[in-house]
Amino acid sequence: MKLTLRVWRQKNADADGAMSTYEVDGISADMSFLEMLDTLNEELILAGDDPVAFDHDCREGICGACSLVINGDAHGPERTTTCQLHMRSFRDGDTIDVEPWRAAAFPVVKDLVVDRSAFDRIIQAGGYITAPTGAAPEAHATPVPKPDADSAFEHAECIGCGACVAACPNGAAMLFTSAKINHLNVLPQGAPERETRVLDMVGQMDEEGFGGCTLTGECATACPKGIPLFSITAMNKEWLRATRRAGRR
Ligand code: FES
């Protein structure tokens, strides 16, 4: 395949960015999108140019590091991570726009790399349990109803890639935050911090400058792990319960 790439290039956080156009040839339909970018970078390096900076790590769809807006869609045309997107989703001769996540709370560091440390700070605010660590406890010591276990697993699938924020017209982080709250709040192990967790994590999310949620649902549509939209309404319910019990309203 021969492709025309229009790629966002930006030297650093303070520089102005712009789209640059590149031609790549010899792209196999079996290559991943990141392997296609590797091919472009090999050519840029051989020509003595600065390669395109982009985030990646596992390349297996599990770490959440890869993060590209491809032709206007977070992670591109398939419901998967960028690293699991393959070039068979495109046609010979296509022009493809490649941009970083666009959100005020995710400033561009360089080219296609954005700073997602706001997510880390939301997790630090309450995405943990205070149960003592040590040897694995006897599994039957803390019974968990099957529906609660299934719900916890469903929310725990969030890999924190930030596609929900990138897809949201408001730049909201409600889907991410709700997944991280709900996966602990539905389990008995998460019960001791149930109220402080939701209050502190939502408070941190607001401090980080993410937009407000208007339930447009773009986040759930873009999520490569299928975190459902009702995760947000479940979090709102937890938040109302916590504020009432804390007498904060
Ligand atoms: S590089 Fe790990 S999910 Fe894509």
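Read the numbers this way: they start at 1 and go in the same order the structure lists the ligands and their atoms.
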Note: R88-D30 ion pair, threshold 4.0 Å (strictly below): yes
Parallel, tilted or perpendicular: rings of F106 and F210 (30°, 60°): perpendicular
Results of side-chain contact (heavy atoms from CB on, under 4.5 Å) for R102 - residues two or more places apart only: W8, E99, P100
Of the protein N/O/S atoms, how many lie under 2.8 Å from atom 2 (Fe) of ligand 1: 2
In one Ile/Leu/Val/Met/Phe/Trp/Tyr side-chain cluster, 4.5 Å: L240, L229: yes
ILVMFWY network linking M201 to L175, side-chain heavy atoms under 4.5 angstrom: yes
Heavy atoms from other residues, nucleotides or ligands near CZ of R6 exceed 12 (cutoff 6.0 Å): no
